[in-house]
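Quantities reported herein were computed from a predicted structural model and do not represent experimental measurements. Reckoned from all heavy atoms, side chains included, excluding hydrogens, waters and symmetry mates. Nothing fancy with the numbering, it's 1 onward along the sequence.
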Amino acid sequence: MSEIFNSAFVNVSTSTATGTRDISNRVMKLTLERDADEHDDTVMGMTAHSRVIGLESWQFSLGMLQSFSTADAGENTNTLLSTLYSYCKAGNKFLVEVRKHSTQLRGLNNPTWSGLCVLKNYNPIDGEVGDLLKSDVTFLGSGNLSESVTSS
């Protein structure tokens with residue numbers, strides 16, 4: 001069965017226990033990228049390469065509408081991203097929680113992925129004349145990524 005991806009949930013927080021800022025209504029695109037180090041453990045006598053997987057690397061990539069106001073009842077993304085950027089420059093990490101569907105309970109069909117992240121950079125202004133102001137943001141994983149299917 002095909003699904004339409006149109007109601008993702010994205011929550012961020014400087015708390016490391018629970019997300020407090022729902023930025024879902026500013027997110028236009030969401031990607032969870034997972035990768036791992038690859039190590040060659042081939043030894044004498046083998047006739048082909050043997051490999052093992054090492055440490056995982058992951059990140060959430062977001063395409064967001066950029067906003068400098070909350071007048072439309074959405075998040076002021078410039079203030080939020082600027083705060084997260086400064087927070088990380090001070091050596092801190094922030095929590096990000098992502099779910100495929102915002103209004104459905106967490107479960108096998110709607111898991112929540114979460115983990116501590118850092119914001120290395122972001123562009124508050126990026127566009128041409130007449131463009132809708134957008135910002136591509138990458139939250140780099142800084143520790144383990146958790147996947148939960150248990151309803152809260």
Side-chain angles (χ1 to χ4, degrees), residues 1-43 46-67 74-127 132-152:
M1 171 190 254
S2 299
E3 291 189 46
I4 303 297
F5 188 46
N6 65 358
S7 190
F9 173 76
V10 181
N11 209 9
V12 299
S13 177
T14 53
S15 162
T16 57
T18 182
T20 57
R21 305 278 291 270
D22 183 352
I23 60 171
S24 304
N25 67 351
R26 296 290 191 214
V27 176
M28 300 179 73
K29 180 180 179 179
L30 172 63
T31 305
L32 168 56
E33 302 168 43
R34 298 178 82 171
D35 195 10
D37 296 337
E38 170 198 337
H39 301 285
D40 189 322
D41 66 346
T42 308
V43 296
M46 292 181 161
T47 58
H49 280 280
S50 175
R51 294 180 174 85
V52 295
I53 297 299
L55 297 175
E56 181 179 24
S57 173
W58 59 274
Q59 64 187 30
F60 294 115
S61 299
L62 291 78
M64 301 176 66
L65 292 176
Q66 183 64 305
S67 173
E75 185 69 47
N76 180 329
T77 56
N78 184 62
T79 298
L80 175 66
L81 294 173
S82 178
T83 299
L84 292 175
Y85 180 70
S86 297
Y87 190 70
C88 294
K89 284 187 68 162
N92 299 301
K93 301 172 186 181
F94 58 92
L95 180 69
V96 178
E97 298 174 298
V98 168
R99 198 165 49 241
K100 177 184 73 162
H101 199 281
S102 63
T103 59
Q104 293 177 0
L105 290 177
R106 200 174 12 192
L108 289 175
N109 294 325
N110 195 34
T112 296
W113 292 274
S114 63
L116 295 178
C117 295
V118 294
L119 178 60
K120 180 178 151 188
N121 57 20
Y122 81 102
N123 300 324
I125 298 289
D126 184 10
L132 184 61
L133 224 83
K134 299 178 187 176
S135 185
D136 292 325
V137 179
T138 302
F139 297 145
L140 298 171
S142 185
N144 292 327
L145 177 68
S146 297
E147 181 176 348
S148 176
V149 296
T150 305
S151 184
S152 56

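Counting only distance, with no hydrogens or angles, the side chain of Arg26 and the backbone of Thr77 share no donor-acceptor pair below 3.5 Å. Distance alone, capped at 3.5 Å, places no donor-acceptor pair between the Thr138 side chain and the Ser61 backbone. Without hydrogens or angle criteria, Asn92 side chain to Tyr87 main chain gives a donor-acceptor distance under 3.5 Å. Distance alone, capped at 3.5 Å, places no donor-acceptor pair between the Thr112 side chain and the Arg99 backbone.
With rounding to the nearest 0.5 angstrom, the CZ atom of Arg51 is 9.5 Å from the CG atom of Asp41. Separation of atoms CG (Leu62) and CE (Met28) is listed at 12.0 Å; rounding is to 0.5 Å. How far CG of Asn78 is from CE of Met64: 10.5 Å, rounded to the nearest 0.5 Å. Here CG of Asn25 is found 9.0 Å from OG of Ser67. Values are rounded to the nearest 0.5 Å. A distance of 12.0 Å separates CG in Asn76 from CD1 in Ile23, rounded to the nearest 0.5 Å. One distance of note links CZ of Phe94 with CZ of Phe139; it measures 4.5 Å at 0.5 Å rounding.
Across Ile53 and Ala36, no two heavy atoms sit closer than the pair CG2-CB, 3.2 Å. Taking all atoms of both residues into account, the shortest heavy-atom contact from Val10 to Asp22 is O-OD1, 3.3 Å. The two residues Asn123 and Gln66 make their nearest non-hydrogen contact at O-NE2, 4.0 Å. Between Gly63 and Asp136 the shortest heavy-atom distance is CA-OD1, 3.7 Å. Here the closest heavy-atom approach between residue Asn121 and residue Leu119 is recorded as O-CD1, 3.3 Å. Between Val149 and Pro111, the shortest heavy-atom distance links the atoms CG1-CB, 3.8 Å.
Using a 4.5 Å heavy-atom threshold, the side chains of Thr14 and Leu84 count as touching. Between Ser114 and Phe60, the closest side-chain pair of non-hydrogen atoms is not below 4.5 Å. By the 4.5 Å heavy-atom criterion applied to side chains, Leu30 and Phe9 are not counted as neighbours. With a 4.5 Å cut-off on side-chain heavy atoms, Val98 and Leu32 do not count as touching.
Donor-acceptor pairing under 3.5 Å is recorded for the side chains of His49 and Asp40. Side-chain atoms of Asp35 and Ser57 include no donor-acceptor pair closer than 3.5 Å.
Counted within 6.0 Å of NZ on Lys100, heavy atoms from surrounding residues, nucleotides or ligands total more than 12; the atom is thus considered enclosed.
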